[in-house]
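The analysis underlying the following values was restricted to heavy atoms, covering all of them including side chains, and did not include hydrogens, waters or symmetry mates. Numbering of residues begins at 1 and proceeds along the displayed sequence.
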Amino acid sequence: MAVTFKNVPSQGVSVALGNFDGVHKGHLAVINNAVNLAHKHRCVPCALLFNRHPMADISGSAPPSLMTRDMQDRALRKAGIEKIFRLDFSDIRHMSPERFVKEILFSALGVKGIACGYNYRFGENAEGTSETLSRLCDEYGIELRIAPKVETDGIPVSSTAIRSALEKGDVKLANKLLGRVFSYDFTVMSGDRRGRLLGAPTINQHFPEGFVTPRFGVYAAAAYVDGVLHPAVTNFGIRPTIGTNSLRSETCILDFSGDLYGCNVPVGLIEFLRDEIKFSDLEELGRQIASDGEKARNIFEEFSAEYGKDKSDIF
């Protein structure tokens, strides 16, 4: 059965190819090429992604995600992508590179331009490379732009490198590779309200299955509430002093008081402060929270002085 897409622009498209998990600096190089091709050919800049990571079909296990689909869509649109198309990997898994270009890109989407990364692979058993794509684009009269490797501080930018940095607690490196702050905006859930008893009310956000897990510990953070970016301190883990049954992000938003239950609050991690510690009592925990808050406030002020306090510049 032929693959079809809904609402394909009649003027044609330029398409960015990739998984784009994280929409990091390397992805942005590809996306910028797609946007520039769209301007040149007077068509619509699009992204072609999969409904879920191909490894979920190939091996039954996909790498943890750096962002939710909604977050990814917002990041792609912010970067200039106007339409997003998604495929089920199973629909094209056994297509040769030639069939993929002919049936998906040329016939179904009517591409005028294609952008990909230097290490892009496609077709059955990933046998197609960017060089293969270049040859096929020549055959169909499609302009191709291949983004080179992007490095930060000598480190190749990749979703894998960002996941590794987060799992080690090196959010400063992860943020450099991303080109923005690693963030999430999960719904605020009702907690046990112990933070209020300690003088530090918090918001609880549960991480969904399959989402990347940062190193357990305490972070200087930023939270965006009602149009204002606030300094914050976030504990990520299982709260060993109190104990929880589920992994969660617990954030104390400094200089804010209000009911955020049921809201989706963007929280960005700026710097790792310390590992989770089991304290002897809640009084000792309260003193530590106050100390963490002051450190987080100072880090936030240095951070915002460099990057500004506009959410769109940070998240």
- Query: Distance under 6.0 Å and angle within 45° of the ring axis: does Arg248 meet both against Phe207?
  - Reply: no
- Query: Is Asp57 salt-bridged to Arg52, cutoff N-O under 4.0 Å?
  - Reply: yes
- Is the closest side-chain heavy-atom distance between Phe216 and Thr213 below 4.5 Å? yes
- Just by modelled atom types, is the Arg99 backbone N or O under 3.5 Å from a matching donor or acceptor in the Ser96 side chain? yes
- Test log, rule salt bridge (Lys or Arg N to Asp or Glu O under 4.0 Å), inputs Asp21 and Arg163: CA-CA 10 Å; Asp21 183 26; Arg163 290 186 199 100; 3.0 Å; yes
- Query: Is any side-chain heavy atom of Leu105 closer than 4.5 Å to a side-chain heavy atom of Tyr140?
  - Reply: no
- From Thr234 OG1 over to Asp292 CG, what is the distance, rounded to the nearest 0.5 angstrom? 11.0 Å
- Query: Does the pair Lys40/Glu143 count as a salt bridge with the N-to-O cut at 4.0 Å?
  - Reply: yes
- Thr251 (side chain) donor-acceptor with Ile253 (main chain) under 3.5 angstrom: no
- Value for CZ (Phe211) from CG (Leu247), rounded to nearest 0.5 Å, stands at 11.5 Å
- Message: Quick check against the 3.5 Å criterion: does Glu301 have a side-chain atom that pairs as donor or acceptor with the backbone of Ala296?
- Response: no
- Would you kindly confirm whether Ile104 and Leu133 end up in one hydrophobic cluster when ILVMFWY residues are joined by side chain heavy atoms under 4.5 Å apart? yes
- Arg135/Glu98 ion pair, N-O < 4.0 Å: yes
- Message: Between Arg86 and Arg69, is there a side-chain heavy-atom distance shorter than 4.5 Å?
- Response: yes
- Just one of Thr187, Asp70, Asp185 clears the side-chain hydrogen bond (donor to acceptor under 3.5 Å, both in side chains) bar with Asn264, so which one? Thr187
- Of Lys172, Arg215, Lys168, which is the lone residue that meets side-chain contact (heavy atoms from CB on, under 4.5 Å) with Phe272? Arg215
- Note on the structure: With Phe100 as partner, the option from Phe122, Phe89, Phe106 fulfilling ring-ring contact (aromatic ring centres under 6.0 Å, His included) is Phe122
- Task: Could you go through the ring-ring contact (aromatic ring centres under 6.0 Å, His included) check for Tyr118 and Tyr120 one step at a time?
- Result: CA-CA 6 Å; Tyr118 72 99; Tyr120 179 68; over 10 Å; no
